[in-house]
Amino acid sequence: MRATKADCSIHFRLRDSESESSTPITCFIEYNGKPVIKIATGLKIFPAKWNVNKEKPITGIKGLSIVEASIYLDRLTAMRTLIEQDFRGYVNQNNQYPDKIKFKTQLVKKMNGKEEVLEMIDRSFINFIKLTVEKTKSNQRVKLSGLSKGQSFSKATILSYGGTRNLLRDYLIARKKSDLDFDDINLKFYSDLQDYVYSERKLSLNYFGKVVKHIKTFMREAEELGYHKNDIYRSKRFIKPQEETDAIYLNVEQLEKIKNVDLSKDAYLDNARDLFLIGCWTGLRFQDYSQLLSKSKIMGEFIHVEKTAKTGVGVAIPLLPVVKDILNKYEINGQNLFPRSITNQKLNDYIKIIAEKAGLSHPIQISIPVAGKRKIVSQPFHSVVTTHSARRSFATNMYKHYNLPPVTIMKVTGHKSEAVFLKYIRMTPEENAQTILDAVNKRFQEDMIKDTKYAE
(Lines give C-alpha, C1' and ligand atoms only; values in the text may rest on other atoms or scores of the structure.)
Protein backbone atom coordinates (compact mmCIF):
# COMPACT_ATOMS: atom_id res chain seq x y z
CA MET A 1 0.00 0.00 0.00
CA ARG A 2 1.31 3.41 -0.92
CA ALA A 3 2.11 5.54 2.13
CA THR A 4 0.25 8.82 2.52
CA LYS A 5 2.44 11.80 3.32
CA ALA A 6 1.85 12.99 6.87
CA ASP A 7 2.67 16.60 6.00
CA CYS A 8 0.46 19.53 5.08
CA SER A 9 1.18 23.10 4.04
CA ILE A 10 -0.20 25.91 6.21
CA HIS A 11 -0.33 29.53 5.04
CA PHE A 12 -1.70 32.73 6.55
CA ARG A 13 -2.95 35.23 3.96
CA LEU A 14 -4.90 38.44 3.96
CA ARG A 15 -8.43 38.40 2.64
CA ASP A 16 -7.93 41.78 0.88
CA SER A 17 -4.29 42.81 0.56
CA GLU A 18 -5.29 46.16 -1.01
CA SER A 19 -7.76 47.16 1.69
CA GLU A 20 -7.45 50.64 3.19
CA SER A 21 -8.75 49.34 6.51
CA SER A 22 -7.95 46.27 8.59
CA THR A 23 -8.68 43.00 6.80
CA PRO A 24 -9.10 39.42 8.12
CA ILE A 25 -6.19 36.97 8.20
CA THR A 26 -7.23 33.61 6.79
CA CYS A 27 -5.55 30.25 7.30
CA PHE A 28 -5.16 28.03 4.20
CA ILE A 29 -4.40 24.33 4.63
CA GLU A 30 -3.11 22.34 1.66
CA TYR A 31 -2.58 18.62 1.34
CA ASN A 32 -2.58 16.07 -1.43
CA GLY A 33 -1.01 18.72 -3.64
CA LYS A 34 -3.84 21.27 -3.62
CA PRO A 35 -5.58 23.84 -1.36
CA VAL A 36 -8.20 22.04 0.67
CA ILE A 37 -9.39 24.01 3.68
CA LYS A 38 -9.84 27.69 4.52
CA ILE A 39 -10.35 28.73 8.16
CA ALA A 40 -10.90 32.17 9.69
CA THR A 41 -8.23 32.99 12.30
CA GLY A 42 -10.35 35.61 14.03
CA LEU A 43 -7.56 38.16 13.54
CA LYS A 44 -7.55 41.34 11.44
CA ILE A 45 -4.67 43.60 10.49
CA PHE A 46 -3.84 46.57 8.23
CA PRO A 47 -2.16 45.28 5.02
CA ALA A 48 0.70 47.79 5.51
CA LYS A 49 1.59 46.06 8.77
CA TRP A 50 1.69 42.54 7.32
CA ASN A 51 4.69 40.81 5.75
CA VAL A 52 3.21 38.86 2.84
CA ASN A 53 6.32 36.73 2.22
CA LYS A 54 6.97 35.78 5.84
CA GLU A 55 3.22 35.61 6.62
CA LYS A 56 3.49 37.47 9.89
CA PRO A 57 3.10 41.03 11.27
CA ILE A 58 5.72 43.66 10.61
CA THR A 59 7.29 45.09 13.77
CA GLY A 60 9.22 48.27 14.38
CA ILE A 61 8.53 51.88 13.43
CA LYS A 62 6.32 51.00 10.41
CA GLY A 63 4.65 48.04 12.01
CA LEU A 64 3.28 46.74 15.28
CA SER A 65 4.89 46.92 18.68
CA ILE A 66 6.53 43.77 20.04
CA VAL A 67 3.62 43.26 22.43
CA GLU A 68 0.99 43.68 19.68
CA ALA A 69 2.86 41.39 17.29
CA SER A 70 3.21 38.69 19.95
CA ILE A 71 -0.57 38.46 20.25
CA TYR A 72 -0.83 37.68 16.52
CA LEU A 73 2.17 35.32 16.53
CA ASP A 74 0.94 33.36 19.55
CA ARG A 75 -2.46 32.80 17.93
CA LEU A 76 -1.03 31.85 14.53
CA THR A 77 1.62 29.58 16.05
CA ALA A 78 -0.98 27.80 18.20
CA MET A 79 -3.16 27.26 15.11
CA ARG A 80 -0.23 25.92 13.09
CA THR A 81 0.76 23.50 15.87
CA LEU A 82 -2.79 22.23 16.33
CA ILE A 83 -3.31 21.69 12.59
CA GLU A 84 -0.01 19.84 12.15
CA GLN A 85 -0.62 17.59 15.15
CA ASP A 86 -4.15 16.66 14.15
CA PHE A 87 -3.20 16.13 10.51
CA ARG A 88 -0.22 13.90 11.28
CA GLY A 89 -2.17 11.97 13.89
CA TYR A 90 -5.00 11.24 11.47
CA VAL A 91 -2.74 10.26 8.55
CA ASN A 92 -0.48 8.03 10.68
CA GLN A 93 -3.49 6.24 12.12
CA ASN A 94 -5.56 5.85 8.94
CA ASN A 95 -2.96 6.07 6.15
CA GLN A 96 -5.26 8.41 4.21
CA TYR A 97 -6.07 12.09 4.06
CA PRO A 98 -8.87 13.37 6.30
CA ASP A 99 -12.25 14.37 4.92
CA LYS A 100 -12.29 18.11 4.28
CA ILE A 101 -15.52 18.97 6.11
CA LYS A 102 -14.96 16.68 9.10
CA PHE A 103 -11.34 17.78 9.52
CA LYS A 104 -12.30 21.44 9.36
CA THR A 105 -15.13 20.97 11.85
CA GLN A 106 -12.79 19.21 14.26
CA LEU A 107 -10.19 21.98 13.99
CA VAL A 108 -12.67 24.81 14.44
CA LYS A 109 -14.15 23.14 17.53
CA LYS A 110 -10.73 22.85 19.14
CA MET A 111 -9.68 26.38 18.17
CA ASN A 112 -12.85 27.88 19.58
CA GLY A 113 -12.76 25.69 22.65
CA LYS A 114 -16.43 24.79 22.09
CA GLU A 115 -18.29 21.61 21.41
CA GLU A 116 -20.60 23.36 18.98
CA VAL A 117 -19.58 25.51 16.05
CA LEU A 118 -21.92 28.12 14.58
CA GLU A 119 -21.04 27.15 11.02
CA MET A 120 -18.58 24.97 9.14
CA ILE A 121 -17.58 27.70 6.74
CA ASP A 122 -15.59 30.90 7.11
CA ARG A 123 -17.46 33.66 8.88
CA SER A 124 -17.61 36.07 5.99
CA PHE A 125 -20.81 37.86 5.02
CA ILE A 126 -20.93 36.30 1.55
CA ASN A 127 -20.60 32.80 3.02
CA PHE A 128 -23.23 33.54 5.62
CA ILE A 129 -25.65 34.35 2.78
CA LYS A 130 -24.76 31.06 1.13
CA LEU A 131 -25.44 29.16 4.34
CA THR A 132 -28.70 31.04 4.93
CA VAL A 133 -29.93 30.18 1.44
CA GLU A 134 -29.07 26.51 2.02
CA LYS A 135 -30.93 26.52 5.34
CA THR A 136 -33.91 28.19 3.68
CA LYS A 137 -33.98 25.55 0.94
CA SER A 138 -33.91 22.71 3.48
CA ASN A 139 -36.63 24.37 5.62
CA GLN A 140 -34.25 24.76 8.59
CA ARG A 141 -34.95 28.50 8.39
CA VAL A 142 -38.60 29.53 8.61
CA LYS A 143 -40.62 32.74 8.80
CA LEU A 144 -40.59 34.31 12.26
CA SER A 145 -43.51 36.73 11.97
CA GLY A 146 -46.76 37.46 10.14
CA LEU A 147 -49.66 35.21 9.26
CA SER A 148 -47.28 32.55 7.94
CA LYS A 149 -45.08 32.48 11.06
CA GLY A 150 -43.24 29.16 11.36
CA GLN A 151 -43.78 28.29 7.69
CA SER A 152 -41.19 27.74 4.97
CA PHE A 153 -40.12 30.44 2.54
CA SER A 154 -41.36 30.31 -1.04
CA LYS A 155 -39.24 29.24 -4.00
CA ALA A 156 -39.46 32.80 -5.31
CA THR A 157 -37.89 34.14 -2.10
CA ILE A 158 -35.11 31.56 -2.28
CA LEU A 159 -34.39 32.51 -5.90
CA SER A 160 -34.38 36.17 -4.91
CA TYR A 161 -31.84 35.48 -2.14
CA GLY A 162 -29.68 33.63 -4.66
CA GLY A 163 -29.89 36.60 -7.02
CA THR A 164 -28.58 38.93 -4.31
CA ARG A 165 -25.71 36.57 -3.52
CA ASN A 166 -24.79 36.34 -7.21
CA LEU A 167 -24.89 40.13 -7.57
CA LEU A 168 -22.59 40.57 -4.57
CA ARG A 169 -20.23 37.95 -5.95
CA ASP A 170 -20.11 39.80 -9.29
CA TYR A 171 -19.55 43.05 -7.41
CA LEU A 172 -16.53 41.56 -5.62
CA ILE A 173 -15.09 40.37 -8.93
CA ALA A 174 -15.60 43.83 -10.44
CA ARG A 175 -13.89 45.42 -7.45
CA LYS A 176 -11.09 42.79 -7.46
CA LYS A 177 -11.89 41.63 -3.94
CA SER A 178 -11.86 38.05 -2.74
CA ASP A 179 -14.50 38.29 -0.03
CA LEU A 180 -16.92 40.50 1.87
CA ASP A 181 -16.67 40.62 5.66
CA PHE A 182 -19.40 41.74 8.07
CA ASP A 183 -17.36 44.82 8.99
CA ASP A 184 -17.20 45.76 5.30
CA ILE A 185 -20.94 46.50 5.31
CA ASN A 186 -20.76 50.26 5.86
CA LEU A 187 -21.95 53.46 4.18
CA LYS A 188 -18.95 53.51 1.85
CA PHE A 189 -19.86 49.99 0.70
CA TYR A 190 -23.51 51.04 0.31
CA SER A 191 -22.56 53.97 -1.93
CA ASP A 192 -20.16 51.89 -4.03
CA LEU A 193 -22.65 49.05 -4.45
CA GLN A 194 -25.31 51.55 -5.48
CA ASP A 195 -22.97 52.96 -8.12
CA TYR A 196 -22.18 49.44 -9.35
CA VAL A 197 -25.87 48.50 -9.63
CA TYR A 198 -26.92 51.71 -11.39
CA SER A 199 -23.90 52.74 -13.47
CA GLU A 200 -22.27 49.43 -14.35
CA ARG A 201 -25.12 46.93 -14.31
CA LYS A 202 -27.83 49.42 -15.44
CA LEU A 203 -30.34 47.90 -13.03
CA SER A 204 -33.40 49.60 -11.57
CA LEU A 205 -33.82 51.45 -8.31
CA ASN A 206 -36.27 48.79 -7.11
CA TYR A 207 -33.75 46.04 -7.84
CA PHE A 208 -31.16 47.83 -5.70
CA GLY A 209 -33.84 48.23 -3.03
CA LYS A 210 -34.44 44.48 -3.02
CA VAL A 211 -30.70 43.80 -2.63
CA VAL A 212 -30.47 46.27 0.26
CA LYS A 213 -33.49 44.64 1.90
CA HIS A 214 -31.77 41.24 1.75
CA ILE A 215 -28.47 42.64 3.03
CA LYS A 216 -30.27 44.14 6.03
CA THR A 217 -32.08 40.85 6.67
CA PHE A 218 -28.87 38.79 6.56
CA MET A 219 -26.94 41.29 8.68
CA ARG A 220 -29.66 41.28 11.33
CA GLU A 221 -29.78 37.49 11.50
CA ALA A 222 -25.98 37.24 11.65
CA GLU A 223 -25.90 39.84 14.43
CA GLU A 224 -28.46 37.84 16.43
CA LEU A 225 -26.26 34.75 16.03
CA GLY A 226 -23.26 36.64 17.38
CA TYR A 227 -21.31 36.82 14.12
CA HIS A 228 -20.69 40.56 14.34
CA LYS A 229 -21.46 43.79 16.20
CA ASN A 230 -21.66 46.04 13.16
CA ASP A 231 -24.91 48.03 13.27
CA ILE A 232 -24.23 50.46 10.41
CA TYR A 233 -26.83 48.63 8.34
CA ARG A 234 -29.46 50.09 10.71
CA SER A 235 -28.49 53.65 9.75
CA LYS A 236 -31.16 55.87 8.18
CA ARG A 237 -28.73 56.43 5.32
CA PHE A 238 -28.54 52.67 4.67
CA ILE A 239 -32.01 52.84 3.17
CA LYS A 240 -33.94 50.50 0.95
CA PRO A 241 -35.01 52.74 -1.99
CA GLN A 242 -38.33 52.04 -3.62
CA GLU A 243 -40.47 53.61 -6.31
CA GLU A 244 -43.82 52.87 -7.87
CA THR A 245 -43.62 51.02 -11.16
CA ASP A 246 -45.72 51.55 -14.25
CA ALA A 247 -47.16 48.04 -14.26
CA ILE A 248 -50.43 48.21 -16.20
CA TYR A 249 -53.82 46.58 -15.71
CA LEU A 250 -56.58 45.62 -18.15
CA ASN A 251 -60.02 47.08 -17.52
CA VAL A 252 -63.23 45.07 -17.89
CA GLU A 253 -63.71 46.08 -21.55
CA GLN A 254 -60.16 45.08 -22.47
CA LEU A 255 -60.56 41.73 -20.70
CA GLU A 256 -63.71 41.15 -22.72
CA LYS A 257 -61.72 41.72 -25.92
CA ILE A 258 -59.11 39.20 -24.74
CA LYS A 259 -61.91 36.72 -24.02
CA ASN A 260 -63.59 37.14 -27.41
CA VAL A 261 -60.53 37.05 -29.70
CA ASP A 262 -60.66 34.05 -32.05
CA LEU A 263 -57.81 31.66 -31.19
CA SER A 264 -59.40 28.47 -32.55
CA LYS A 265 -56.43 27.85 -34.86
CA ASP A 266 -53.85 28.28 -32.10
CA ALA A 267 -54.52 25.82 -29.28
CA TYR A 268 -51.45 26.91 -27.29
CA LEU A 269 -52.61 30.56 -27.34
CA ASP A 270 -56.15 29.53 -26.46
CA ASN A 271 -54.83 27.67 -23.41
CA ALA A 272 -52.63 30.63 -22.44
CA ARG A 273 -55.55 33.06 -22.81
CA ASP A 274 -57.71 30.97 -20.48
CA LEU A 275 -54.92 30.69 -17.93
CA PHE A 276 -54.38 34.45 -17.97
CA LEU A 277 -58.10 35.20 -17.62
CA ILE A 278 -58.30 32.94 -14.57
CA GLY A 279 -55.60 35.11 -13.03
CA CYS A 280 -57.55 38.26 -13.95
CA TRP A 281 -60.72 37.00 -12.26
CA THR A 282 -59.24 35.31 -9.17
CA GLY A 283 -56.55 37.79 -8.07
CA LEU A 284 -54.03 35.03 -7.48
CA ARG A 285 -50.31 35.27 -8.18
CA PHE A 286 -48.97 33.42 -11.23
CA GLN A 287 -47.41 30.64 -9.13
CA ASP A 288 -50.90 29.95 -7.74
CA TYR A 289 -53.24 30.49 -10.70
CA SER A 290 -50.97 28.42 -12.96
CA GLN A 291 -51.12 25.46 -10.56
CA LEU A 292 -54.78 25.40 -9.56
CA LEU A 293 -55.29 21.82 -10.72
CA SER A 294 -52.96 20.54 -7.99
CA LYS A 295 -53.44 23.28 -5.39
CA SER A 296 -57.19 23.89 -5.24
CA LYS A 297 -60.61 22.36 -4.77
CA ILE A 298 -63.90 23.59 -6.20
CA MET A 299 -66.58 23.56 -3.53
CA GLY A 300 -69.94 24.98 -4.57
CA GLU A 301 -69.50 28.57 -5.72
CA PHE A 302 -65.92 28.89 -4.48
CA ILE A 303 -62.37 27.89 -5.37
CA HIS A 304 -60.49 26.95 -2.21
CA VAL A 305 -56.70 27.25 -2.33
CA GLU A 306 -55.37 25.55 0.78
CA LYS A 307 -51.95 27.20 0.77
CA THR A 308 -50.79 30.07 -1.46
CA ALA A 309 -47.16 30.04 -2.61
CA LYS A 310 -45.95 33.34 -1.17
CA THR A 311 -47.89 33.76 2.07
CA GLY A 312 -48.65 30.13 2.85
CA VAL A 313 -52.23 30.95 3.86
CA GLY A 314 -55.47 29.59 2.47
CA VAL A 315 -57.96 31.67 0.47
CA ALA A 316 -61.53 31.24 -0.78
CA ILE A 317 -62.22 32.79 -4.17
CA PRO A 318 -65.68 33.25 -5.70
CA LEU A 319 -66.31 31.46 -8.97
CA LEU A 320 -66.96 34.49 -11.16
CA PRO A 321 -68.76 34.06 -14.53
CA VAL A 322 -65.63 34.13 -16.75
CA VAL A 323 -63.92 31.49 -14.60
CA LYS A 324 -67.06 29.34 -14.64
CA ASP A 325 -67.15 29.46 -18.45
CA ILE A 326 -63.48 28.42 -18.62
CA LEU A 327 -64.04 25.51 -16.20
CA ASN A 328 -67.00 24.30 -18.28
CA LYS A 329 -64.80 24.44 -21.36
CA TYR A 330 -62.27 22.10 -19.71
CA GLU A 331 -64.85 19.77 -18.15
CA ILE A 332 -64.13 16.06 -18.62
CA ASN A 333 -66.52 13.35 -17.41
CA GLY A 334 -68.34 15.81 -15.17
CA GLN A 335 -65.13 17.05 -13.55
CA ASN A 336 -64.09 20.69 -13.90
CA LEU A 337 -60.42 20.95 -14.80
CA PHE A 338 -58.16 23.92 -15.50
CA PRO A 339 -56.07 25.03 -18.48
CA ARG A 340 -52.72 23.28 -18.88
CA SER A 341 -49.96 24.85 -16.81
CA ILE A 342 -47.11 26.60 -18.66
CA THR A 343 -44.07 28.56 -17.50
CA ASN A 344 -44.17 32.20 -16.51
CA GLN A 345 -41.91 33.11 -19.41
CA LYS A 346 -44.10 31.36 -21.99
CA LEU A 347 -47.26 32.98 -20.69
CA ASN A 348 -45.53 36.36 -20.71
CA ASP A 349 -44.66 35.82 -24.37
CA TYR A 350 -48.06 34.42 -25.38
CA ILE A 351 -50.23 37.01 -23.64
CA LYS A 352 -48.51 39.81 -25.57
CA ILE A 353 -49.40 38.05 -28.84
CA ILE A 354 -52.98 37.53 -27.65
CA ALA A 355 -53.37 41.15 -26.55
CA GLU A 356 -52.16 42.29 -29.96
CA LYS A 357 -54.63 39.99 -31.71
CA ALA A 358 -57.36 41.49 -29.49
CA GLY A 359 -56.51 44.94 -30.87
CA LEU A 360 -54.90 46.29 -27.69
CA SER A 361 -52.12 48.11 -29.51
CA HIS A 362 -52.80 51.73 -28.59
CA PRO A 363 -49.68 53.64 -27.45
CA ILE A 364 -49.05 53.97 -23.74
CA GLN A 365 -46.52 56.14 -21.91
CA ILE A 366 -44.45 54.20 -19.38
CA SER A 367 -41.20 54.80 -17.55
CA ILE A 368 -38.31 52.35 -17.74
CA PRO A 369 -35.32 52.11 -15.34
CA VAL A 370 -32.07 53.57 -16.62
CA ALA A 371 -29.15 53.60 -14.16
CA GLY A 372 -31.27 54.21 -11.10
CA LYS A 373 -33.50 56.77 -12.83
CA ARG A 374 -36.57 56.43 -15.00
CA LYS A 375 -37.02 57.43 -18.62
CA ILE A 376 -40.44 58.00 -20.21
CA VAL A 377 -41.01 56.02 -23.42
CA SER A 378 -44.01 55.20 -25.60
CA GLN A 379 -44.86 51.56 -26.31
CA PRO A 380 -47.87 49.68 -27.69
CA PHE A 381 -50.14 48.50 -24.86
CA HIS A 382 -49.90 44.80 -25.76
CA SER A 383 -46.10 44.84 -25.35
CA VAL A 384 -46.29 45.65 -21.64
CA VAL A 385 -48.93 43.10 -20.62
CA THR A 386 -47.40 40.45 -18.32
CA THR A 387 -48.53 37.58 -16.10
CA HIS A 388 -48.60 39.98 -13.15
CA SER A 389 -51.00 42.26 -15.04
CA ALA A 390 -53.67 39.65 -14.29
CA ARG A 391 -53.48 40.13 -10.52
CA ARG A 392 -53.36 43.92 -10.84
CA SER A 393 -56.37 43.78 -13.16
CA PHE A 394 -58.39 41.86 -10.57
CA ALA A 395 -57.56 44.24 -7.72
CA THR A 396 -58.10 47.41 -9.75
CA ASN A 397 -61.33 46.28 -11.43
CA MET A 398 -62.85 45.04 -8.17
CA TYR A 399 -62.14 48.45 -6.63
CA LYS A 400 -62.91 50.77 -9.54
CA HIS A 401 -65.52 48.96 -11.63
CA TYR A 402 -67.36 46.95 -8.97
CA ASN A 403 -66.83 49.47 -6.13
CA LEU A 404 -65.84 46.82 -3.60
CA PRO A 405 -64.17 48.04 -0.39
CA PRO A 406 -60.40 47.46 -0.15
CA VAL A 407 -60.67 45.18 2.91
CA THR A 408 -62.85 42.74 0.93
CA ILE A 409 -60.45 42.58 -2.01
CA MET A 410 -57.44 42.29 0.30
CA LYS A 411 -58.83 39.02 1.68
CA VAL A 412 -58.09 37.55 -1.74
CA THR A 413 -54.97 39.46 -2.77
CA GLY A 414 -53.33 39.08 0.63
CA HIS A 415 -52.26 42.71 1.03
CA LYS A 416 -51.61 43.47 4.71
CA SER A 417 -52.55 47.14 4.76
CA GLU A 418 -54.98 49.35 2.89
CA ALA A 419 -52.21 51.86 2.20
CA VAL A 420 -50.14 49.23 0.38
CA PHE A 421 -53.22 47.99 -1.49
CA LEU A 422 -54.13 51.49 -2.73
CA LYS A 423 -50.58 51.90 -4.06
CA TYR A 424 -50.88 48.53 -5.79
CA ILE A 425 -54.02 49.22 -7.79
CA ARG A 426 -53.80 51.28 -10.95
CA MET A 427 -55.68 54.57 -10.51
CA THR A 428 -54.74 57.92 -12.05
CA PRO A 429 -55.29 61.15 -10.08
CA GLU A 430 -58.17 62.00 -12.46
CA GLU A 431 -59.81 58.60 -11.86
CA ASN A 432 -59.50 59.07 -8.12
CA ALA A 433 -61.08 62.52 -8.35
CA GLN A 434 -63.89 61.09 -10.51
CA THR A 435 -64.57 58.40 -7.89
CA ILE A 436 -65.04 61.06 -5.23
CA LEU A 437 -67.23 63.15 -7.56
CA ASP A 438 -69.44 60.16 -8.46
CA ALA A 439 -69.89 59.17 -4.82
CA VAL A 440 -70.84 62.72 -3.76
CA ASN A 441 -73.22 63.19 -6.71
CA LYS A 442 -74.87 59.83 -5.99
CA ARG A 443 -75.43 60.73 -2.36
CA PHE A 444 -76.64 64.22 -3.35
CA GLN A 445 -79.26 62.70 -5.67
CA GLU A 446 -80.41 60.29 -2.93
CA ASP A 447 -80.76 63.14 -0.46
CA MET A 448 -82.73 65.18 -3.01
CA ILE A 449 -85.19 62.29 -3.48
CA LYS A 450 -85.65 61.98 0.29
CA ASP A 451 -86.24 65.70 0.66
CA THR A 452 -88.86 65.59 -2.12
CA LYS A 453 -90.71 62.70 -0.40
CA TYR A 454 -90.78 64.53 2.90
CA ALA A 455 -92.00 67.69 1.17
CA GLU A 456 -94.99 65.77 -0.19
Side-chain angles (χ1 to χ4, degrees), residues 1-17 19 22-47 49-59 64 66-135 138 140 178-183 222 225-229:
M1 181 182 292
R2 181 180 177 183
T4 303
K5 292 182 180 180
D7 293 318
C8 64
S9 298
I10 302 168
H11 298 283
F12 296 101
R13 297 166 183 155
L14 301 185
R15 178 172 292 167
D16 184 1
S17 60
S19 174
S22 59
T23 188
I25 302 172
T26 303
C27 176
F28 290 82
I29 306 169
E30 303 175 5
Y31 56 81
N32 195 24
K34 57 185 178 181
V36 178
I37 298 173
K38 186 171 66 170
I39 298 177
T41 65
L43 300 172
K44 299 177 74 173
I45 195 170
F46 283 94
K49 299 181 184 298
W50 178 258
N51 189 315
V52 176
N53 296 323
K54 294 184 179 181
E55 298 182 358
K56 66 178 185 179
I58 296 171
T59 56
L64 304 179
I66 298 298
V67 174
E68 290 174 323
S70 66
I71 296 173
Y72 285 83
L73 292 173
D74 288 348
R75 171 68 173 168
L76 300 181
T77 300
M79 287 185 68
R80 183 183 294 277
T81 301
L82 175 64
I83 294 167
E84 289 176 342
Q85 288 178 347
D86 277 32
F87 183 81
R88 286 180 185 144
Y90 185 91
V91 172
N92 289 334
Q93 183 177 350
N94 300 283
N95 195 32
Q96 64 180 21
Y97 294 119
D99 174 77
K100 172 183 175 181
I101 298 296
K102 291 181 179 178
F103 185 50
K104 179 172 182 176
T105 304
Q106 175 185 323
L107 290 173
V108 174
K109 283 182 180 179
K110 290 185 177 181
M111 290 174 188
N112 290 348
K114 300 177 182 179
E115 284 301 311
E116 295 184 2
V117 186
L118 281 177
E119 307 303 349
M120 292 188 294
I121 58 174
D122 296 314
R123 290 188 181 185
S124 72
F125 180 59
I126 205 78
N127 278 334
F128 180 79
I129 296 177
K130 177 182 178 182
L131 183 77
T132 302
V133 173
E134 290 173 353
K135 282 187 172 181
S138 60
Q140 296 178 54
S178 59
D179 216 332
L180 191 63
D181 195 36
F182 291 105
D183 289 340
L225 290 170
Y227 273 55
H228 68 89
K229 295 182 180 179

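With contacts defined as side-chain heavy-atom distances shorter than 4.5 Å, the pair Tyr31/Pro98 qualifies. Counting heavy atoms from C-beta outward, Tyr72 and Phe12 have side chains that stay 4.5 Å or more apart. Residues Thr26 and Ile39 are not in side-chain contact: their nearest non-hydrogen atoms beyond the backbone lie 4.5 Å or more apart. For the pair Met79/Thr41, a side-chain contact is recorded, criterion being any heavy-atom separation below 4.5 Å from C-beta on. Residues Asp181 and Thr23 have side chains not in contact (no heavy-atom distance under 4.5 Å, counting atoms from C-beta outward).
Taking CG of Asn127 as the reference point, atom OG1 of Thr132 lies at 10.5 Å (rounded to 0.5 Å). Remark: Ser124 OG to Leu131 CG distance equals 10.5 Å, nearest 0.5 Å. Expressed to the nearest 0.5 Å, how far CD1 of Ile37 lies from OG1 of Thr105 amounts to 9.0 Å. In this structure, Thr81 OG1 and Leu76 CG are separated by 10.5 Å, a value rounded to the nearest 0.5 Å. Ile29 CD1 to Leu107 CG: the interatomic distance, rounded to the nearest 0.5 Å, is 5.5 Å. The line from CZ of Arg88 to CD1 of Ile83 is 11.5 Å long, rounded to the nearest 0.5 Å.
Ring orientation note: the planes of Phe182 and Phe125 are nearly perpendicular, at an angle over 60° on the 30°/60° scale. Tyr97 and Phe87 have parallel rings, their planes meeting at less than 30° on a 0 to 90° scale where 60° marks the start of perpendicular.
Pairing each heavy atom of Ile10 with each of Glu55, the nearest pair is O-OE1, 4.1 Å. Residues Pro57 and Ile45 come closest through the heavy atom pair CB-CD1, 4.1 Å.
Remark: the backbone N or O of Asn53 is paired with a side-chain donor or acceptor of Asn51 at under 3.5 angstrom. Between the Ser138 side chain and the Lys135 main chain, a donor and an acceptor come within less than 3.5 Å of each other. Side chain of Lys104 to main chain of Lys38: a donor-acceptor pair is present (N/O by atom type, distance under 3.5 Å, no hydrogens or angles).
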Ring pair (Phe, Tyr, Trp, His ring centres under 6.0 Å), that's the test. Do Phe103 and Tyr90 meet it? Break it down for me.
CA-CA 9 Å; Phe103 185 50; Tyr90 185 91; 7.3 Å; no
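Environment of NZ in Lys44: crowded, with over 12 heavy atoms of neighbouring residues, nucleotides or ligands closer than 6.0 Å.
Taking the charged nitrogens against the carboxylate oxygens, Glu30 and Arg13 do have a contact shorter than 4.0 Å, which makes a salt bridge.
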